[in-house]
Number of protein chains: 2
Amino acid sequence: MKKNNLYYFCVLADELHFGNAAKKLHITQPPLSRAIQQLEEELECLLLKRDQRNVTLTPAGEYLKQRGDVLLANLSEMKSEVKKIVHGQKGELHITLVGSIIQRLMPYLKRFIRKYPSVKIKISQYTTREQIQLIKSGDADIGFLRGPIFARGLNLYDFYKEPFVLVTPRHFKGTVSKIEDFQQLSNMSYISFPRYLARGLHDQITRICNMAAYYPHVIHEVHQLDLIVRMVECGLGISIIPQCGLDGLLADIRTFKLDFISQQSVISCYFNDLKDNPVLGNFLKELNISKEVHKK
Amino acid sequence: MKKNNLYYFCVLADELHFGNAAKKLHITQPPLSRAIQQLEEELECLLLKRDQRNVTLTPAGEYLKQRGDVLLANLSEMKSEVKKIVHGQKGELHITLVGSIIQRLMPYLKRFIRKYPSVKIKISQYTTREQIQLIKSGDADIGFLRGPIFARGLNLYDFYKEPFVLVTPRHFKGTVSKIEDFQQLSNMSYISFPRYLARGLHDQITRICNMAAYYPHVIHEVHQLDLIVRMVECGLGISIIPQCGLDGLLADIRTFKLDFISQQSVISCYFNDLKDNPVLGNFLKELNISKEVHKK
DNA sequence: CTTTTTCATACCGAATAAGTATTAATAGAT
DNA sequence: ATCTATTAATACTTATTCGGTATGAAAAAG
């Protein structure tokens, strides 16, 4: 089917008058006549009955008009949807995050969803380690993970920083408000997590302990922050975790904010090349992340 | 959107290789490159990511490919449906008929429906007079009506001929087997129908009576053949009707086939110009009506 | 019978598409 | 590191299509 012939025909079918239809199409009448003839040739049928005075649709023309209108509407709708995709107003955004961070992200997410209602958000919880993989492979668009992280070729932005917190069972009677206070903890058990899950975070905590000349007696390793808190609650030991690990948890424990230590836990967000998913650009805008990001 | 650009794109999206896609499209590679560029310009977006070795779809391209395939399939389906219409294999056929004729028509109709299952049949019962109007105006395609008829500009075919029948109440004791026998009827009431409903038929019957030197004493006029039969059954009079007026009726009457009279009742079918509805042509073929029809 | 309306045809120039030859860039091989 | 092969883009030419002007034909309106 030629360029605009179907469109020409549909307009003509509305007007049932070559001259008027041509005017509407901003062309002259002869090209329109020929276009319709071509269409009729291609479909091997008469679409219009011209009896020198009146133009009427044949049954085939009637049908073509009906279907053609739908088809053309479909075409233009498709075009506009494509444009939406390009401008990141439609599509999918796959976000991965470490569990404890969802509450901090929520306000941004809410704003984004209100602004881009046609974007389908996919959120999954993964370990720091897994997220790096997903983003590198393009299966996720942006990951919120606990830094610091060493990943080549990914864009980095420090989304959020917060102090570490020492968590102890309720029955712990001391106070920890300066670095020397760590000494009281020497004979207590320590609950940790496997280093491979989040090397940066693990090393950061180790550094804190070293600074305080505190050498934790690790007896348990668990995989989730909230499980650490539960272990502490049961009196099985103490731990140092990022503040947000306590978000939304009701636990009968004591907490000591380690804000007298310069080390802070950082939630970084990592993402791949912007061009891969236009939605990502708009999401970053909502996070107030400028496009000039640091590459490692 | 230009001529084939969408199709070009969809094939390219299948191949993800300009050279191969061009081969599949029976064009060379440069025109394809340009076609895609044009499409991208029109949609103001990148549809493909070319990294010198591999071609991959962007999200927008992915979407366009999906919708585009559907759209193109729709387009070609539309074309083939149009062709079906032109060849009378799809569409509507509006048949009108006088009630008494449906049983004679049924075998043809059955065959036609089996052969053209996509054709929607519309049958309505009308008087002779009304049918002429409907066919002239194009609201019906073909009408089966009781002739003879004088209608300018319509195509005519004598579909079926049958003898007239004299119907009398059960208690009539005579016999009518030759023209002189009509004399016995002189003193009986006659049940007729208004002349304007079917002038030709009415006049034919009048002619029969004149021939037999029988001058019927009309006391009732009713509008339907079956009502005439019922009136006769009740002993209210006699009547002369076409044979098929008795089809499917169980009536306690006496009947005398008037086959000693040359006059026959004719069911004519009338129809408008063939081009108005391609289905009509196929229907006429099923009726074994050649295309060379008599025009009045 | 003339005029007007309206679609079709003939012809021309402009725009667009396709082909050929070549370039640029990169991946893989030597 | 250099060379070769692959692949898409670019430059340029040719062919096709498209739209415009002028005109014709047929029938309705005055």
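Each chain gets a letter, A, B and so on, in the order its sequence line appears, and its residues count up from 1. What you are looking at is a predicted structure, and each value in this text was computed from that prediction instead of being measured.
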Between [X] ([atom1]) and [N] ([atom2]), how many Å, whole number?
X	N	atom1	atom2	answer
Glu15(A)	dT6(C)	CD	C1'	15 Å
Leu16(B)	dA8(D)	CG	C1'	14 Å
His26(A)	dG20(D)	NE2	C1'	16 Å
Ile36(B)	dA8(D)	CD1	P	11 Å
Leu32(A)	dT6(C)	CG	C1'	12 Å
Leu48(A)	dT6(C)	CG	P	16 Å
Lys49(A)	dT6(C)	NZ	P	19 Å
Asn20(A)	dT6(C)	CG	P	7 Å

Side-chain donor-acceptor pairs of residues 14-27 of chain B under 3.5 Å, sequence neighbours excluded:
from, atom 1, to, atom 2, distance (Å)
Asp14(B), OD1, Lys65(B), NZ, 3.0
Asp14(B), OD2, Lys65(B), NZ, 3.2
Glu15(B), OE2, Lys24(B), NZ, 2.8
His17(B), ND1, Gly19(B), N, 3.1
His17(B), ND1, Asn20(B), N, 3.0

Aromatic ring proximity, centroids under 6.0 angstrom, His202(A) and Phe193(A): yes
Sub-6.0 Å ring centroid separation between Tyr116(B) and Phe112(B): yes
Please table the atom pairs, donor to acceptor, closer than 3.5 Å between any side-chain atom in residues 117-126 of chain A and protein atoms at least two apart or in another chain.
from, atom 1, to, atom 2, distance (Å)
Ser124(A), OG, His94(A), NE2, 2.7

Lys/Arg N to Asp/Glu carboxylate O, Glu40(A) vs Arg50(A), below 4.0 Å: yes
Ion pair Glu81(B)/Arg67(A), N-O distance below 4.0 Å: no
Angle by which the axis turns from one end of the helix from dC1(C)-dG30(D) to dT30(C)-dA1(D) to the other, five pairs per end, to 10 degrees: 20°
Under 3.5 Å, which N/O atoms of the protein pair with N/O atoms of nucleotides 8-11 of chain C?
from, atom 1, to, atom 2, distance (Å)
dA8(C), OP1, Arg50(A), NE, 2.6
dA8(C), OP1, Arg50(A), NH2, 3.3
dA8(C), OP2, Ser33(A), OG, 2.8
dA8(C), N7, Gln29(A), NE2, 2.9
dA8(C), N6, Gln29(A), OE1, 3.3
dT9(C), OP2, Gln37(A), NE2, 3.2
dC11(C), N4, Arg34(A), NH1, 3.0

Any Gln38(A) side-chain N or O less than 4.0 Å from OP1/OP2 of dT17(D): no
Phosphate contact (dG19(D) OP1 or OP2) by Thr28(A) side-chain N/O below 4.0 Å: no
Among dC7(C), dA18(C), dA17(C), the nucleotide that comes nearest once only the side chain of Val55(A) is considered: dC7(C)
Selection from dA18(C), dG19(D), dC7(C) that lies nearest to any side-chain heavy atom of Tyr8(A): dG19(D)
Ring pair (Phe, Tyr, Trp, His ring centres under 6.0 Å) partners of residues 128-149 of chain A, not counting sequence neighbours, each pair once: Phe144(A)-Phe159(A)
Return a table of donor-acceptor pairs under 3.5 angstrom between the side chains of residues 29-36 of chain B and protein atoms on other chains or two or more places apart.
from, atom 1, to, atom 2, distance (Å)
Gln29(B), NE2, Ser33(B), OG, 2.9

Spacing of Glu62(A) atom CD and Ile85(B) atom CD1 [to the nearest 0.5 Å]: 9.5 Å
